[in-house]
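In listed order, ligands and their atoms are each counted from 1. Fair warning: this is a prediction, and the values are worked out from it, not measured in the lab.
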Amino acid sequence: MTLTPTQRFLRACRGDAVDRPPVWLMRQAGRYLPDYRRVREQVTFLELCRDVDRAVEVSLQPIDAIGSEAVIFFSDIFTPIPGMGVEVDFRPGPVVATPIRSAAQVAALRVPDPRESVPFVTEILRVLRAELAARDIPLLGFAGAPFTLAAYLVEGSGSRHFGTWKRMLWREPATARALLDRLTELTVGYLGAQIEAGAQAVQLFDTWAGMLSPADYREWVLPTHREIAAKLDRSAPLILYVNDGAHVLEETAQSGADVVSLDWRVDLADAARRVGSRVSLQGNLDPCALAAEPTAIAQMVRDLARDAAPARGHIMNLGHGCLPDTPVEGARAFTAAARSLGQR
Ligand code: CP3
């Protein structure tokens with residue numbers, strides 16, 4: 001079977017037969033890459049997200065630097081938020097100037113047309129798609145999921161427990177619901193514009209949804225995923241990442257997503273049994289394991305592929321994003337090992 005990287009990726013998403021799993025790494029364009037740091041010295045992170053030429057350049061870096069087989073456009077989950085009328089800065093994580101804590105603040109949030117509020121996003125995707133055509137490498141779009149965006153908007157910044165946001169679910173459920181509804185509407189429009197501009201698959205990042213009990217997850221998180229899955233143009237597969245979500249795996253598999261992206265706390269063989277043929281799986285090496293020797297990384301990749309074999313499809317990836325101190329050598333060993341799975 002001779003597949004181009006795009007064919008292999010899209011077939012794995014849908015559970016069609018492939019020669020071996022495709023491979024890419026979450027947060028693959030970032031500070032662990034010397035070429036990224038070189039570009040980043042010239043501009044702030046926010047400027048980089050809005051600078052089409054530079055954003056295209058850093059999006060493409062992981063292809064040659066680490067041998068990745070998919071490109072995710074360079075941006076952040078907070079990119080569409082200023083268009084709602086919320087001031088955001090990065091230090092280095094997102095910081096909201098005036099946290100959203102009241103019903104009146106939620107009511108004042110705009111849901112803009114992304115083609116007008118973030119025209120650089122669709123432009124970056126159009127340029128990337130043209131650049132990738134010759135090699136037929138798939139282009140991925142992404143967005144932050146409503147629960148995770150709401151967590152930062154209410155809390156004001158990253159936090160260990162996001163207590164202010166969680167308490168809002170019980171003290172002011174109508175305000176919390178209204179905020180999630182606005183963010184769901186924003187995300188449907190934002191991912192839709194990305195697909196229209198050339199994204200061939202899209203990933204929804206729900207980094208903080210795993211903090212809820214299964215029952216609370218079903219009430220507050222699952223409906224947002226379902227609505228997004230139902231309203232998107234499904235010619236582009238939807239990948240759903242829920243960090244720390246082992247206890248809600250059945251729910252993520254019922255979201256309507258094509259692929260569930262797992263963190264490293266889940267055993268892939270066990271996950272494959274639990275989700276059956278409903279979805280494909282993505283993941284799930286601990287990013288810190290890229291500090292191991294290349295031969296050890298190769299063995300871990302073979303083990304992941306073996307464990308994921310019962311799943312209807314598998315995309316080799318990490319269980320969370322690359323970290324600033326991820327060794328480039330380790331990332332390269334990871335993609336090389338995935339590629340050699342096809343050779344026997
Ligand atoms: O994957 C990629 O290569 C594409 C780019 C991408 C970034 N952020 C670039 C970035 C993606 C997909 C994200 C997603 C994102 N951003 C998530 C969800 C995924 C996850 O990691 O859980 C979240 C929660 C954020 C919010 C965010 N942005 C945080 C917490 C931080 C600071 C942490 C850190 O890594 O420093 C950012 C800043 C950020 N986003 C950087 C990059 C490359 C570092 C900015 C810099 O260069 O100074």
Side-chain angles (χ1 to χ4, degrees), residues 23-51 54-63 65-66 68-82 88-96 121 124-125 128 138-153 155-160 162 165 183 187 190-191 194 199 201-211 239-245 261-264 282-284 286-288 315 317-326 328 331:
V23 60
W24 71 286
L25 285 74
M26 290 191 273
R27 300 285 295 265
Q28 63 187 11
R31 286 161 295 174
Y32 75 105
L33 290 179
D35 283 344
Y36 173 83
R37 292 197 298 270
R38 189 178 44 72
V39 175
R40 183 65 174 74
E41 273 166 19
Q42 303 157 16
V43 284
T44 67
F45 175 65
L46 270 173
E47 286 165 346
L48 178 51
C49 291
R50 290 169 191 176
D51 181 326
R54 285 193 174 98
V56 165
E57 181 185 347
V58 300
S59 304
L60 295 171
Q61 284 173 354
I63 301 174
I66 61 161
S68 181
E69 298 181 322
V71 162
I72 184 161
F73 82 104
F74 187 81
S75 197
D76 193 77
I77 59 170
F78 264 78
T79 300
I81 297 299
V88 185
D89 198 5
F90 285 87
R91 300 181 214 151
V95 178
V96 180
V121 166
I124 290 166
L125 285 162
L128 280 172
L139 175 60
L140 314 185
F142 75 94
F147 187 89
T148 289
L149 292 173
Y152 284 103
L153 288 175
E155 209 72 35
S157 66
S159 150
R160 196 162 151 72
F162 286 93
W165 163 234
L183 291 167
T187 305
Y190 187 51
L191 289 177
Q194 292 181 30
V202 290
Q203 178 154 335
L204 197 54
F205 285 95
D206 223 340
T207 305
W208 297 111
M211 64 166 69
I239 307 170
L240 173 61
Y241 174 74
V242 176
N243 184 38
D244 217 346
S261 189
L262 299 161
D263 70 77
W264 66 90
Q282 175 172 270
N284 68 345
D286 187 327
C288 291
I315 298 167
N317 204 320
L318 303 178
H320 201 168
C322 291
L323 300 160
D325 57 4
T326 292
V328 177

Looking only at heavy atoms, the pair that brings M26 and F205 closest together is SD-CE2, 3.7 Å

A student checking ligand 1 against H320 at a 4.0 Å heavy-atom cut-off should list atoms 20 (C), 21 (O), 22 (O)

Check: of R31, Q28, M26, min heavy-atom distance to atom 34 (C) of ligand 1 comes from R31

Ranked by distance from atom 47 (O) of ligand 1, the top protein heavy atom is Y36 OH, 2.6 Å

Practice prompt. Taking the side chain as every heavy atom from C-beta outward, state whether R27 and P287 have any pair of such atoms under 4.5 Å apart.
Written response: no

closest protein heavy atom to atom 16 (N) of ligand 1 is D76 OD1, 2.9 Å

Residue, atom and distance of the protein heavy atom nearest atom 14 (C) of ligand 1 read I77 CG2, 3.7 Å

shortest atom 3 (O) of ligand 1-to-protein heavy-atom contact is with A29 N, 3.0 Å

Heavy-atom proximity to atom 10 (C) of ligand 1, picking from W208, Y32, F45, points to F45

The closest protein heavy-atom partner of atom 13 (C) of ligand 1 is R27 CD, 3.5 Å

The atoms of ligand 1 lying under 4.0 Å from a heavy atom of I72, numbered in the order shown, are 1 (O), 2 (C), 3 (O), 4 (C)

Of all protein heavy atoms, the one nearest atom 32 (C) of ligand 1 is G93 CA, 3.3 Å

For F142, the ligand 1 atoms with a heavy-atom partner under 4.0 Å come out as 11 (C), 12 (C)

Query raised in the report: Is W165 close to Y152 at the side-chain level, that is, under 4.5 Å between some pair of heavy atoms?
Result: no

For atom 29 (C) of ligand 1, the closest protein heavy atom turns out to be P94 CD, 3.5 Å

If you compare Y152, F78, F205 by their heavy atoms, the one closest to atom 24 (C) of ligand 1 turns out to be Y152

Of all protein heavy atoms, the one nearest atom 6 (C) of ligand 1 is S75 O, 3.3 Å

>> Counting only nitrogen or oxygen atoms and a 3.5 angstrom limit, does R40 reach ligand 1?
In response: yes

If we number the atoms of ligand 1 from 1 as shown, the ones under 4.0 Å from a heavy atom of T207 are 18 (C), 19 (C), 20 (C), 22 (O), 24 (C)

